[in-house]
Amino acid sequence: SSLLAILSAATFGAGDFLGGLASRRSGPLRVVAVSQLYGLILIGLLLPVFPPAAYSAADFGWGAAAGMSGGAALVAFYRGLTRARMGMVAPVAAGVGAIVPALFGLLSGERPSAVATTGVAVAVLAIFIVGKPAKTASGQPRTGRAGPRGLPEAVAAGIGFGAFFIFLSNTSAESGVWPLVGARLGSLALLWLHSNKGHKNQSRSRLRGPSQPYPSRVTVRERKKFF
């Protein structure tokens, strides 16, 4: 189990690094869509290798819900990597992703051990330390509209990752990897709906003609000039 944990951590680390690089070139939405599609194909090819599983519609549904939250989390995570350094985004997302299931278990009646409670406290402290904004060349903190750059995306990604594990925990042990099939289909469906909505908005903008869209962040003087 230790070897599998090390391999899993190395795989996630490599995925974070390569996904962040690809998102800077092609955009987070496209990168996540392609990765989820290839993940679905890979699971489909490996299904004959795994032992037969007895899954239900509920298992598949929980997997789809997990995939939707996980897909949205990946988009937020990769978007954060395009805006801030990986050394801040990845630890914050991982810390929040560990805190959310722990809090859910606590609210569900579970009583975590002293070690688990200490780990959550350390994760919260680490988020505050790592989330400190970087300094610019002039020594000023580099912040965005909602705090340090990349921090809102990292927190949102962590919440989505935590929800992913919570949804998967509701599947039965006999379902095998079939909930992961539902997860990939759920994430692809969510990404398709988001992309389709964006395409419709672009089409509506073209139908309005050559008029410029109303700016969303303007001053009062610029608004008067616009009208």
Side-chain angles (χ1 to χ4, degrees), residues 1 4-5 7-16 18-20 22-23 26-81 90 93-94 96-110 153-200:
S1 58
L4 292 177
L7 292 176
S8 177
T11 303
F12 274 111
D16 293 346
L18 296 176
S23 297
S26 303
L29 191 65
R30 181 176 298 178
V31 171
V32 175
V34 172
S35 65
Q36 296 297 294
L37 179 60
Y38 279 115
L40 177 62
I41 295 174
L42 179 61
I43 294 175
L45 293 175
L46 293 177
L47 275 177
V49 180
F50 294 102
Y55 65 95
S56 62
D59 294 324
F60 207 80
W62 283 118
M68 290 181 182
S69 62
L74 281 174
V75 173
F77 181 73
Y78 288 148
R79 186 167 293 164
L81 291 179
V96 175
I99 292 172
V100 169
L103 291 178
F104 177 80
L106 187 64
L107 294 175
S108 301
E110 297 180 3
E153 290 85 355
V155 174
I159 294 174
F161 291 144
F164 176 86
F165 294 121
I166 291 172
F167 288 136
L168 278 186
S169 67
N170 289 281
T171 60
S172 62
E174 297 79 15
S175 58
V177 298
W178 282 100
L180 295 180
V181 177
R184 291 295 179 267
L185 292 175
S187 61
L188 287 172
L190 180 66
L191 294 172
W192 180 82
L193 289 174
H194 180 76
S195 177
N196 190 43
K197 181 180 179 180
H199 179 71
K200 288 182 178 180

Test log, rule side-chain contact (heavy atoms from CB on, under 4.5 Å), inputs Tyr78 and Leu81: CA-CA 5 Å; Tyr78 288 148; Leu81 291 179; 3.8 Å; yes
Minimum-distance pair of heavy atoms, taken over all atoms of Ser187 and Gly71: CB-CA, 4.1 Å
Distance-minimising heavy-atom pair for Leu188 and Leu40: CD1-CD2, 3.9 Å
CZ on Phe60 to CG on Leu185, rounded to 0.5 Å: 5.0 Å
From Trp62 atom CH2 to Asn170 atom CG, the distance as rounded to the nearest 0.5 Å: 4.0 Å
Distance (rounded to the nearest 0.5 Å) between Arg184 CZ and Ile43 CD1: 4.5 Å
Distance-minimising heavy-atom pair for Ala54 and Ser172: O-OG, 4.4 Å
Value rounded to 0.5 Å, distance of CZ in Phe161 from CD1 in Ile99: 14.5 Å
Ser69 side-chain N/O to Ala66 backbone N/O, donor-acceptor pair under 3.5 Å: yes
Result of checking Val31, Leu74, Ile41, Leu190 against Gln36 for side-chain contact (heavy atoms from CB on, under 4.5 Å): Leu74
Identified side-chain contact (heavy atoms from CB on, under 4.5 Å) partner of Ser175 from the options Asp59, Val181, Leu168, Leu180: Asp59
Gly186 versus Met68, closest heavy-atom pair with distance: O-CG, 3.5 Å
Ala157 to Ala76 - nearest heavy-atom pair and separation: N-CB, 4.1 Å
Point-to-point distance, once rounded to the nearest 0.5 Å, from CG of Leu42 to CG of Leu47: 9.5 Å
Nearest-0.5 Å distance that lies between atom OG1 in Thr171 and atom CH2 in Trp178: 14.5 Å
